[in-house]
Amino acid sequence: QVQLVESGGGLVQAGGSLRLSCAASGRTFSGYVMGWFRQAPGKERDFVASISRSGGSTYYAGSVKGRFTLSRDNAKNTVYLQMNSLKPEDTAVYYCAASKVVAIRSADFDSWGQGTQVTVSS
């Protein structure tokens, strides 16, 4: 189990950019695959992106590929989600999550942050 806390959410105009951060506690951060999910009101929580333990491999949902970039700094126990060319449909609560295995399903992630709101205005 690892404790996660997200930051960086806010209000941005369509076409703008936002950078989310997820800080993790513990010494085993590098042993976790890290992911981001998002959930809009009345919708299921959807996969956004994930990154391997070393940061060498990333995976993106088709809806964000080419616009979002996921990275990690294991020395700082932090992952980052750079979001560019934001669209109103990106509006959601964004959650950071950790998994001990390669996964894109919500159920496969063991630890979750509290979420941070991202609102994109038109």
Side-chain angles (χ1 to χ4, degrees):
Q1 194 83 358
V2 60
Q3 281 66 55
L4 307 172
V5 57
E6 304 96 332
S7 62
L11 176 64
V12 65
Q13 295 185 66
S17 298
L18 211 57
R19 189 194 196 199
L20 305 183
S21 298
C22 175
S25 65
R27 300 190 306 160
T28 60
F29 175 73
S30 63
Y32 288 87
V33 172
M34 300 298 298
W36 285 90
F37 290 77
R38 66 187 183 185
Q39 187 169 24
K43 303 291 185 179
E44 292 188 358
R45 187 172 297 181
D46 291 329
F47 171 78
V48 175
S50 67
I51 188 166
S52 62
R53 296 168 181 84
S54 67
S57 299
T58 52
Y59 310 88
Y60 299 93
S63 58
V64 306
K65 193 172 185 178
R67 298 189 297 122
F68 291 10
T69 302
L70 182 60
S71 61
R72 70 189 296 164
D73 186 342
N74 287 345
K76 296 182 177 180
N77 282 8
T78 304
V79 295
Y80 307 95
L81 184 66
Q82 179 67 47
M83 305 184 294
N84 298 326
S85 301
L86 284 163
K87 306 173 181 179
E89 50 263 45
D90 293 319
T91 296
V93 176
Y94 283 70
Y95 297 90
C96 177
S99 174
K100 292 185 178 181
V101 299
V102 176
I104 61 171
R105 296 189 307 157
S106 176
D108 291 330
F109 285 80
D110 304 309
S111 302
W112 294 83
Q114 81 287 350
T116 185
Q117 177 71 48
V118 172
T119 303
V120 184
S121 62
S122 59

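- Taking the side chain as every heavy atom from C-beta outward, T119 and V12 never approach each other to under 4.5 Å.
- Shortest non-hydrogen contact noted between V93 and G115 is CG1-CA, 3.8 Å.
- Between S21 and E6 the shortest side-chain heavy-atom distance does not fall below 4.5 Å.
- Checked by atom type and distance alone, the side chain of S99 never pairs as donor or acceptor with a backbone atom of A103 at under 3.5 Å.
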Quiz prompt | Stepwise side chain to side chain contact (heavy atoms under 4.5 Å, CB included) test for E44 and Q39 | solution = CA-CA 6 Å; E44 292 188 358; Q39 187 169 24; 5.6 Å; no

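- V48 is not listed as a side-chain neighbour of Y60, based on a closest heavy-atom distance of 4.5 Å or more.
- Transitive grouping of hydrophobic side chains (ILVMFWY, heavy atoms separated by less than 4.5 Å) keeps Y95 and L86 in distinct clusters.
- R67 places a side-chain N or O within donor-acceptor distance of the main-chain N or O of S85, the cut-off being under 3.5 Å.
- Put simply, the side chain of Y94 reaches to within 4.5 Å of the side chain of L81, judged on heavy atoms.
- Between atom CH2 of residue W36 and atom CG of residue L70 there is a gap of 8.5 Å, rounded to the nearest 0.5 Å.
- Expressed to the nearest 0.5 Å, how far CZ of F109 lies from CG of L4 amounts to 10.5 Å.
- Note on M34: it clusters hydrophobically with L18, by side-chain heavy-atom contacts below 4.5 Å among ILVMFWY residues.
- One finds the CD atom of Q82 at 5.5 Å from the OG atom of S17 (value rounded to the nearest 0.5 Å).
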Self-check item: side-chain hydrogen bond (donor to acceptor under 3.5 Å, both in side chains) between Q3 and S25, intermediate numbers included
Solution: CA-CA 5 Å; Q3 281 66 55; S25 65; 3.2 Å; yes

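- Note that the OG atom of S71 and the CD1 atom of I51 stand 6.0 Å from one another [nearest 0.5 Å].
- Taking the ring centroids of Y59 and F47, they lie at or beyond the 6.0 Å cut-off.
- Between Y80 and L20 there is no side-chain heavy-atom pair separated by less than 4.5 Å.
- Closest approach of A40 to A92, counting heavy atoms only: N-CB, 3.9 Å.
- The pair D90-K87 does not count as a salt bridge, with every side-chain nitrogen at least 4.0 angstrom from each carboxylate oxygen.
- In this structure the side chain of R72 never reaches within 4.5 angstrom of the side chain of T78, judged on heavy atoms.
- The distance from the OH atom of Y32 to the CZ atom of R53 is 10.0 Å, given to the nearest 0.5 Å.
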Quiz item: How far apart are the C-alpha atoms of V79 and F29, what are their side-chain angles, what is the distance that settles it, and do they pass the side chain to side chain contact (heavy atoms under 4.5 Å, CB included) test?
Solution: CA-CA 10 Å; V79 295; F29 175 73; 3.5 Å; yes

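- Taking both residues in full, the closest heavy atoms of S30 and N74 are given as CB-ND2, 3.7 Å, listed atom of the first, atom of the second, then distance.
- By the 4.5 Å heavy-atom criterion applied to side chains, R45 and W112 are counted as neighbours.
- Panel note: side chain N84, backbone G66; no donor-acceptor pair is recorded below 3.5 Å.
- Looking at heavy atoms from C-beta onward, Q117 lies in side-chain contact with T91 at the 4.5 angstrom threshold.
- At most 12 heavy atoms of other shown residues, nucleotides or ligands fall within 6.0 angstrom of atom CD in Q13.
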